[in-house]
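Numbered from 1 within each chain, the chains take letters A, B, ... in sequence-line order. In this text, all values refer to a predicted model and were calculated from it rather than measured experimentally.
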Protein chains: 2
Amino acid sequence: MAKYKEIADYLEREILDGKFDKTKKLPTEDELIKHFEVSRNTIRKAINQLVNRGYIYQVQGSGMFLRERSVTDYINLGSLRGLTKDLPSKIIETKILALHVLKADEVKAKQLRCEVGTDLYYIKRLRIVDKEPFSIEVSYFRKDIVPYLNEDIATSSIYTYIIEDLKLSIGFADKVINCDKIDEESAGVLHVNPLDPALIIENTVSLTNGTIFEVSKSIFHYQKAKILNRINFK
Amino acid sequence: MAKYKEIADYLEREILDGKFDKTKKLPTEDELIKHFEVSRNTIRKAINQLVNRGYIYQVQGSGMFLRERSVTDYINLGSLRGLTKDLPSKIIETKILALHVLKADEVKAKQLRCEVGTDLYYIKRLRIVDKEPFSIEVSYFRKDIVPYLNEDIATSSIYTYIIEDLKLSIGFADKVINCDKIDEESAGVLHVNPLDPALIIENTVSLTNGTIFEVSKSIFHYQKAKILNRINFK
DNA sequence: AAGTGGTCTAGACCACCGT
DNA sequence: CGGTGGTCTAGACCACTTC
């Protein structure tokens, strides 16, 4: 891994461990340069990661400060980490409702920018948080890119498998968020009343080379799910 | 303005004007370096802005490519641009439902990290898109930071005023998204039925020095509003 | 092998904050 | 004024894609 990423991950760990909580201030760039023995650019790239991840903000002439930590448990839009890391204080369970291979119809082919008839993994999962139904996730993966999936993988973390075992590198994603009245079937699964609200995220994920390999749709329990997005301007 | 930002804005304009639509590919770094007569780092910083704004992606060894343009009109989470720029094909109108100064109570003081009793501008606005009610926005601004506001400013763009006239620089924001059954009053204003869903964004905005100067809550028409978030991993 | 983006270094000068 | 972050340059070498 690149130096700047290692430094960023190291500092992220320290931030999460509360190392800078007393002062709410990070060491200066010069101090970090000396500590890690790298050039200023490398330190600044590492810091940039932390800024983009929403941990800190920089004030010219003054220093680098911790952003307020969000106390409640939120779904983090900008990470690949998954529910387990987003909701660390909760018990997360996953139940596979369906997992099989099917052929892309016209709609899916268009969404995935692939040919009609391409093999896709179809996966439907129920996510359970603290023993209560939390969300329903329906995903389609291109089988030519993700050649094998099973219940074990889908129960733990598909993304960990894709990144660490298949060595694929994920580049970017489009997320569309909206809300609507829930459909009857989902209402039953999530234990809400028909026509209650549902928070919906539609997700299109690409590899670094631009190939779309997954589209998914998640339906969240409207009282249990909150999404947090931390934004930087500059 | 910094060189890299000027270059980024210039290239953004070219992208939006469709200059690279045929090839879906940007010039190489070397070409940009020669064209703008700057160092490689400066070009790379400019390009990084475009990546973060969701316009392009980079492929090592290959080049820089346009991301698919989203056809439909979405609210862009990661920008300060406001509805007018997010929904360029629509007619946007704003109706001021309330605008006055009040004192921060305990709840607002805590949200804004200020003293109880601090003067705040309270603004309630109805946003109308293509002649139909779209969202209700309730905002609180710290009056010691935004000392003056009126109906004209609140009708056009508060952020343009804050940035260009007050010369304040906005640093970062926390956005919490959820959905819920709409309250009765808002249902009437947005022309939906009571207990219909509502998409809600709560927003906490800070200056570059970390001071929170605004908190707001927007309630969107559940059938009309879709939020788009473009994410990069790396 | 040539082309193109990714990482890293070393050094200079500027802009802003706080004392 | 000293400390700290922001911008910019010039150059080197690496990693991946494409042919």
> What is the distance, rounded to the nearest whole Å, between atom CD1 of B:I47 and atom P of C:dG5?
7 Å
> Nearest whole Å is fine: how far is C:dC8 P from A:N48 CG?
14 Å
> Taking side chain as C-beta onward, heavy atoms only, is A:I158 less than 4.5 Å from A:E137?
no
> In residues 20-33 of chain A, which ones come under 4.0 Å of DNA chain D, going by heavy atoms?
A:T28, A:E29
> Is any side-chain nitrogen or oxygen of B:Q58 closer than 4.0 Å to OP1 or OP2 of C:dG6?
yes
> Map A:Y4 and A:G61 onto DNA chain C by nearest heavy atom, then report which one ends up closer to the 5' terminus.
A:Y4
> Within the 3.5 Å criterion, strictly below it, is a donor on A:N150 or A:Y148 matched to an acceptor on the partner's side chain?
yes
> Does D:dT9 have OP1 or OP2 under 4.0 Å away from a side-chain N or O of B:K3?
yes
> In whole angstroms, how far is the P atom of C:dG5 from the CG atom of A:N209?
15 Å
> Just checking, any donor-acceptor pair under 3.5 angstrom between side chains of A:S62 and B:N209?
no
> Considering only heavy atoms, which members of residues 34-44 of chain B lie under 4.0 Å from some atom of DNA chain D?
B:V38, B:S39, B:R40, B:N41, B:T42
> Do A:Q49 and A:Y4 pair up side chain to side chain, a donor and an acceptor below 3.5 Å, judged on atom types alone?
no
> For A:Q60 and C:dC13, give me the distance from atom CD to atom C1', rounded to whole Å.
13 Å
> What nucleotide among C:dC8, D:dG6, C:dG6 has an atom nearest to a side-chain atom of A:K234?
D:dG6
> Report yes or no: do B:S135 and B:S218 form a side-chain donor-acceptor pair below 3.5 Å?
no
> Enumerate, atom names and distances included, each donor-acceptor pair closer than 3.5 Å involving a side-chain atom of residues 225-232 of chain A, sequence neighbours excluded.
residue : atom : partner : partner atom : Å
A:R230  : NE   : B:D174  : OD1          : 3.2
A:R230  : NE   : B:D174  : OD2          : 3.3
A:R230  : NH1  : A:G54   : O            : 3.0
A:R230  : NH1  : A:E68   : O            : 3.4
A:R230  : NH2  : A:E68   : O            : 2.4
A:R230  : NH2  : B:D174  : OD2          : 3.1
A:N232  : ND2  : A:V51   : O            : 2.7

> Give a yes or no on this: more than 12 heavy atoms of other residues, nucleotides or ligands lie within 6.0 Å of atom NZ of B:K25.
yes
> Send over the distance from A:K45 NZ to D:dG6 P, rounded to a whole Å.
16 Å
> Give the rounded distance in Å between these two atoms: CD1 of B:I7 and P of D:dT7.
13 Å
> Does A:D144 pair with A:R142 as a salt bridge, N-O distance under 4.0 Å?
yes
> Tell me whether the OP1 or OP2 atom of D:dT4 has a side-chain N or O from A:S62 closer than 4.0 Å.
no
> Nearest whole Å is fine: how far is D:dG6 C1' from B:K5 NZ?
9 Å
> Let me know the distance between CE of A:M64 and P of D:dG3, rounded to the nearest Å.
16 Å
> Please state whether the rings of B:Y122 and B:H100 are parallel, tilted or perpendicular, taking 30° and 60° as the class boundaries.
tilted
